[in-house]
Amino acid sequence: MSSKLDGEKIREYERNHVLTPWTAQKGLKPLVADRAQGCYFYDAEGKEYLDFTSQFVFSNLGHSDRRVVKAISDQAARLPSINSQFATESKALLGKLLAEITPGDITKSFFSTGGAEANEGAMKIARLVSGKSKIIARYRAYHGSTYGAMSLAADFRNWAYEPAVPGVIHCLEPYCYRCPFGVTYPGCNIQCARHVEDIILREGGARRVAAFIAEPIMGPGGLITPPEEYWPLVREICDRHEVILISDEVMTGFGRTGKWFGVDHWGVVPDMMTMAKGVTTGYVPLGATAMRAWIAQKFEELPYLHGHTYSGHALAMAAGAATVQAYQEDNLIENAARMGEYLMDKMRQLMDKHPSVGDIRGKGLFCGLELVKSRKTREPIHEALMEPPRPQTAKMKLLAKCLQDGVYIMAGAASVIVLTPPLNVTRDEIDHGMSVIDAALAIPDAEYAD
Ligand code: PLP
């Protein structure tokens, strides 16, 4: 499609007719995206930007991968849409591929159109197959913005819409840098995991608690990476109390952390895994709720009373199958692990140099730098549970400077700079992105107090 509107007209139409998510509208002057290729996208004036967060952590294959684009256009030419009661080649293939790359006996998937819907499906399935209603989730989590998914989180983004869906109980998160239990790893007896058991017991244990849901590494909450023992212990606890373990792999899935899925780092098989984003590298909206054989088996007799008009949409299925095959063909999971080590080295160098970098963490190409006002007090650059960072905070000024210098990093809510480039990023591209961030860190450094 050749452009008929210039950049100013596009901004004007959007300004008047489109409500942009997650922000007040006054004064918005968004960059007009025109085209994209590999790790780069270009604005209407032709300026190039290195995409250092894969948009909202979804462009795992980079932009405009020709194999995925061709699969979508071939599907569009042959059968652009058909309802979910029909079998299609691309749906069958994607279902089979997901069964192959997910751990253990996770064999069947329900398809929706995004991460929130994938979690809605998981919540309903957990209640349906267990006959119990309570679901435990964590503070600082993010599972999506529909009502059910939103209820699984608890921060300023919910307040205007409360009361949320009943039956969700929150527990504390495994945040070693700011341990909510006031203890220090490794001498902490992994309180954060044992606390999950305490909450399960207090809420009625096996008789009352249906499920525990968590991101393997908390993404939007600030790349919060649990201690090594956390996930195996949580799996044991859920088994002991007959609680369904749901891993939200919406951000951590599809090679992002240097393994196919986040839980693969700990050899844990959850009962359900929710996915979106990287499953189609973002080219077509798609969510998936994948389940172990024992759950799928329940639906042999029990009707699965849930679905969407676009469940298993033909274009999304074609995109998903082609995307998974492209990850395999290009060995991108291995590349993410290798490049992740390189990125971590570079983050260490930035931490040595910049006092405002309080912590660095993550796995593979799922990394973050936490910004603080003081390394001694660990006071964050803004309190992420209470409000979004305002434009005048040092973090937002840093991101604006990076954008001006041609490096895009998504804003996010936490006091963290998220570093999640596409899985096929090169060393040179990492060097370039990190040198721009290096210069921009002068902004939070100037507000540093110690
Ligand atoms: N779960 C996690 C961990 C996420 O990071 C997100 C989105 O960022 C979601 C769920 C919601 O996905 P969606 O925005 O596709 O509904």
Side-chain angles (χ1 to χ4, degrees), residues 20-23 53-60 109-124 126 135 137-155 157-158 161 164-165 168 170 173-175 211-226 231 245-257 261-263 265 270 272-290 308 310-311 313 316 319-320 323 362-368 384 388 409-414 416 418-420:
T20 300
W22 297 118
T23 181
T53 47
S54 305
Q55 297 300 294
F56 289 167
V57 199
F58 60 67
S59 315
N60 289 12
S109 295
F110 160 67
F111 292 117
S112 51
T113 61
E117 280 186 359
N119 286 324
E120 299 285 341
M123 289 174 82
K124 281 189 167 182
I135 298 176
R138 302 183 299 187
Y139 291 102
R140 291 191 199 271
Y142 185 71
H143 296 289
S145 65
T146 53
Y147 251 97
M150 173 199 97
S151 312
L152 299 171
D155 62 37
R157 285 169 288 200
N158 288 9
Y161 308 114
V165 171
V168 176
H170 293 98
E173 64 282 1
Y175 195 174
F212 173 67
I213 181 165
E215 303 150 73
I217 295 173
M218 302 178 84
L223 275 296
I224 297 171
T225 311
W231 271 93
L245 177 58
I246 305 167
S247 169
D248 178 337
E249 301 272 357
V250 168
M251 267 198 184
T252 48
F254 300 93
R256 176 48 60 197
T257 66
F261 294 97
V263 286
H265 286 279
M272 281 191 267
M273 290 168 72
T274 57
M275 314 165 195
K277 297 190 189 266
V279 63
T280 58
T281 191
Y283 295 5
V284 185
L286 174 61
T289 308
H308 311 282
Y310 300 128
S311 289
H313 192 278
T323 300
K363 284 189 188 289
L365 289 171
F366 197 51
C367 293
I409 299 170
M410 71 170 183
V416 168
V418 176
L419 306 178
T420 54

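Indexing begins at 1, ligand by ligand and atom by atom, following the structure's order.
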Inset, instruction - Determine whether the side chains of H265 and T257 contain a donor N or O and an acceptor N or O closer than 3.5 Å. - result: yes
Legend entry - Any side-chain heavy-atom pair of M218 and Y139 under 4.5 Å: no
Inset, instruction - Output, in order, the C-alpha distance, side-chain angles, deciding distance and verdict of side-chain hydrogen bond (donor to acceptor under 3.5 Å, both in side chains) for S59 and Q55. - result: CA-CA 6 Å; S59 315; Q55 297 300 294; 5.4 Å; no
Inset, instruction - Could you tell me whether a side-chain N or O of T53 sits under 3.5 Å from a main-chain N or O of T420, the two making a donor and an acceptor? - result: no
Legend entry - Non-hydrogen atoms of V250 and G115 that approach each other most closely: CG2-CA, 3.7 Å
Legend entry - Side-chain touch F261/P216, heavy atoms, less than 4.5 angstrom: no
Inset, instruction - Heavy-atom cut-off of under 4.0 Å around ligand 1: list whichever protein residues fall inside it, by chain and number. - result: G114, G115, A116, N119, Y142, H143, G144, E215, P220, D248, V250, M251, K277
